[in-house]
Protein chains: 2
Amino acid sequence: MANPTPRRGYHHGNLRAELIEASFALLAKHDLAEFSVAKAARAVGVSTASPYRHFADRDHLLAAVAAQAALELAARVRADVAAVPEDDPRERFAITAGTYVRYVAERGAGFSIIFSTPLARLDDAELADAGRALMRLLLDLARDALGGGPPEDALLLLERHTVAAHGYATLLRDGFFSSRRPKDTVGTIAARAAQASRELRVGG
Amino acid sequence: MANPTPRRGYHHGNLRAELIEASFALLAKHDLAEFSVAKAARAVGVSTASPYRHFADRDHLLAAVAAQAALELAARVRADVAAVPEDDPRERFAITAGTYVRYVAERGAGFSIIFSTPLARLDDAELADAGRALMRLLLDLARDALGGGPPEDALLLLERHTVAAHGYATLLRDGFFSSRRPKDTVGTIAARAAQASRELRVGG
DNA sequence: GTCTATAAATAGATAGAC
DNA sequence: GTCTATCTATTTATAGAC
C-alpha cells in the first residue's frame with residue numbers, strides 16, 4: 001500500500017502476463033512446433049533466462065497459455081450465445097462451433113493444447129479447472145438445445161458438435177481449405193461449422 | 001543387368017524407403033514437432049548425413065511420407081469399402097470415417113500432413129497427385145452415397161464427413177478422449193466417427 | 001551411397017551478478 | 001526479478017574421404 005507502482009527489475013512488472021500474451025501471438029502465426037520459450041522472451045524484450053523466474057519450464061508456460069485459452073474461449077462462447085435469442089437454444093448452441101473456429105484462427109490455441117496429454121500430466125489445477133468449466137458450459141448449452149431427453153443424447157450432441165468445430169478449425173489451420181477453395185476465409189469456414197452443428201440430429 | 005544385386009555402400013540398398021518407414025514409426029509414436037531427420041536416420045541405423053543423399057531436406061522427406069500416406073489411405077479406403085455390400089453405398093461411404101481414424105492412429109499421418117501448407121509449397125507432384133486422388137476417391141463414394149442429386153450436395157457431404165473423421169482423429173491423438181472417457185479406444189472412436197458420418201444428412 | 005567430421009543455429013535450462 | 005554468461009543437447013545441412 002506504500003507503493004502502488006512497485007519497483008520492477010528493468011522494464012517489467014508484468015512479465016508473466018506478457019509472456020503468455022506473446023506466446024499466443026507466436027501460436028497464432030506458427031505451429032506449436034515452432035514455439036519456444038526463447039522466442040516468447042525475445043518478443044517481449046527480455047533475456048531468455050527471465051521466463052524461468054515465472055515458469056518452471058516450457059510446458060508450464062504452455063499450460064498457462066492453455067488455461068487462459070480455455071477461459072477466453074468460455075468468455076467468447078458466453079458473449080456469442082448472449083447475442084442469440086433465448087427462445088432459440090438450438091441456435092445458441094450451434095453458433096458456438098463458429099465461435100471456436102474463429103477463436104482458434106485468431107489465437108492459435110484450442111482443444112489440442114487445452115486437453116493435450118503432455119500438459120495434462122503436469123496436473124496444473126488452473127488448466128484442469130478451466131478445461132472442465134469450458135466443457136461444462138458447452139454441455140449445458142447442448143442440454144438446453146435438446147430441451148430434455150436422455151442425458152446421453154446431450155453428450156453425443158456435444159461430442160459431434162465438438163468434433164465438427166475442431167475438425168473445421170484444424171483443417172483450416174493446416175491449409176486443407178485454402179488449397180481446395182482459395183476463397184474460403186475464417187468467416188466462411190466458421191459459418192459452415194455452425195451450419196454443420198445446426199444440422200446435427202441425435203437420438204431421433 | 002550384369003549385377004542383379006548392385007553393390008551398396010554399407011548395409012542399405014533401400015535407404016529411401018526405410019527412411020520413410022522409420023518416419024512413419026516416429027510420427028505414430030510422437031508429434032510431428034518431435035520428428036527429425038536425425039532420429040529417422042538413427043532408427044534405420046545410418047549416419048545423420050545419409051538421408052540427404054535421398055531427400056533435399058527435412059520437408060522433402062516429410063513430403064514423401066505424406067505422399068505415401070495418401071496412397072496408403074486410399075488403399076485402405078478401397079479395401080474397407082470393398083467389404084461393404086455394393087447395394088449400400090451410403091454405408092460404404094460412412095465407414096471410411098472409421099478407416100481414417102484407424103489409419104491416423106496407427107501411422108500418425110493424415111490430412112494435416114498430406115495437405116499441410118509448408119509441404120504444399122514444395123510443389124511435389126507425387127504428393128499433389130496422391131492427395132488429389134484420395135479426395136477424388138472419397139468424392140466418388142460421397143456421390144454414390146447420395147445416388148444422384150446436385151453436385152454441391154456431394155461436396156458438402158464430403159466436407160462434413162471429412163471434418164468429422166479428422167475431428168475424431170485429431171482429438172483422439174491429442175488426448176481429448178482419454179482424459180474424458182479413459183475406456184475409449186481407437187476402435188470405439190473409429191466406430192463413433194463412422195456413426196457420425198452415417199447420420200449426416202445434406203440438402204434435404 | 002554411405003561414412004566421419006564439422007559448422008552454424010537454436011533451444012532448454014542453470015549459476016551468479018546486480 | 002531481471003541480466004549476462006554459460007553449459008549441454010539437438011538439429012539441419014555440408015564437405016570430403018572411401
Side-chain angles (χ1 to χ4, degrees), chain A residues 2-23 25-27 29-66 113 116 118-119 121-122 124, chain B residues 2-23 25-27 29-66 113 116 118-119 121-122 124:
Chain A
N3 196 340
T5 328
R7 280 281 53 89
R8 48 243 151 70
Y10 288 58
H11 51 304
H12 282 97
N14 208 15
L15 184 53
R16 186 191 149 92
E18 290 192 44
L19 285 168
I20 292 174
E21 198 54 36
S23 299
L26 291 174
L27 292 174
K29 292 275 176 202
H30 312 93
D31 259 1
L32 175 59
E34 288 162 79
F35 168 84
S36 77
V37 177
K39 277 179 190 158
R42 281 194 292 268
V44 168
V46 297
S47 76
T48 61
S50 299
Y52 293 93
R53 286 289 137 184
H54 298 272
F55 303 99
D57 55 27
R58 181 193 137 111
D59 276 355
H60 280 84
L61 168 51
L62 285 174
V65 171
I113 177 169
S116 89
L119 298 190
R121 283 197 233 282
L122 301 183
D124 179 313
Chain B
N3 196 341
T5 327
R7 281 279 55 87
R8 48 244 153 66
Y10 288 59
H11 50 303
H12 282 96
N14 209 15
L15 184 52
R16 185 190 149 93
E18 289 192 45
L19 285 168
I20 292 173
E21 199 54 36
S23 299
L26 291 173
L27 291 174
K29 291 275 176 205
H30 311 92
D31 258 0
L32 176 59
E34 287 162 80
F35 168 84
S36 76
V37 177
K39 278 179 190 159
R42 281 194 293 268
V44 168
V46 298
S47 78
T48 62
S50 300
Y52 293 93
R53 287 287 135 184
H54 299 271
F55 303 99
D57 56 27
R58 181 193 138 110
D59 276 356
H60 281 85
L61 169 51
L62 285 175
V65 172
I113 178 169
S116 88
L119 299 190
R121 282 197 235 283
L122 301 183
D124 179 312

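Proteins get letters first, then strands, A, B, ... in listed order; numbering begins at 1 in each. Because the structure is a prediction, the values reported are computed rather than measured.
If you check dT4(C), dG16(D), dT12(D) against the side chain of V37(B), the one that comes closest is dT12(D). In this structure, of dT4(D), dA11(C), dT12(D), it is dA11(C) that holds the atom nearest to the side chain of K39(A). For A38(B), whose side chain is taken as the heavy atoms from C-beta onward, the closest listed nucleotide among dA13(D), dT11(D), dA15(D) is dT11(D). Distance from the side chain of Y52(A) is smallest for dA13(C) among the nucleotides dA13(C), dA13(D), dT4(C). Across dT14(D), dA13(D), dT4(D), the shortest atom-to-atom separation from the side chain of A49(A) is found for dT4(D).
Regarding F55(A), its CZ atom lies at a distance of 18 Å from the C1' atom of dT14(C), rounded to whole Å. In this structure, D59(A) atom CG and dA13(C) atom P are separated by 8 Å, rounded to whole Å. When rounded to the nearest whole Å, the span between CG of L61(B) and C1' of dA13(D) equals 14 Å. Following rounding to the nearest Å, R53(B) (CZ) and dT2(C) (P) show an atom-to-atom distance of 10 Å. Distance CG (N14(A)) to C1' (dG1(D)): 13 Å, rounded to an integer number of Å. In this structure, CD of E18(A) is placed 9 Å from P of dT2(D), rounded to the nearest angstrom. Between D57(A) atom CG and dT14(C) atom P the separation is 8 Å, expressed in whole Å. Atom CG of L19(A) and atom P of dA13(C) are 14 Å apart (whole Å).
Looking at heavy atoms from C-beta onward, E18(B) lies out of side-chain contact with E21(B) at the 4.5 angstrom threshold. Between E34(A) and D31(A) the shortest side-chain heavy-atom distance falls below 4.5 Å. Two residues are said to be in side-chain contact when any heavy atoms from C-beta on lie closer than 4.5 Å; L61(B) and Y52(B) fail this criterion. Contact check for L62(A) versus L32(A): side-chain heavy atoms found under the 4.5 Å cut-off.
Heavy-atom distances to DNA chain D give each of E34(B) and H54(A) a nearest nucleotide, and the one nearer the 5′ end belongs to H54(A). Both S50(B) and R58(A) lie close to DNA chain C; mapped to their nearest nucleotides by heavy-atom distance, the more 5′-ward contact belongs to S50(B).
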task = Take F35(B) and V65(B) through the side chain to side chain contact (heavy atoms under 4.5 Å, CB included) test and state the conclusion after the steps.
result = CA-CA 12 Å; F35(B) 168 84; V65(B) 172; 5.9 Å; no
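Using a 4.0 Å heavy-atom cutoff across all strands shown, S36(B) reaches sugar-phosphate atoms only and no base atom.
R42(A) has a side-chain polar atom (N or O) that falls below the 4.0 Å cut-off from OP1 or OP2 of dA11(C).
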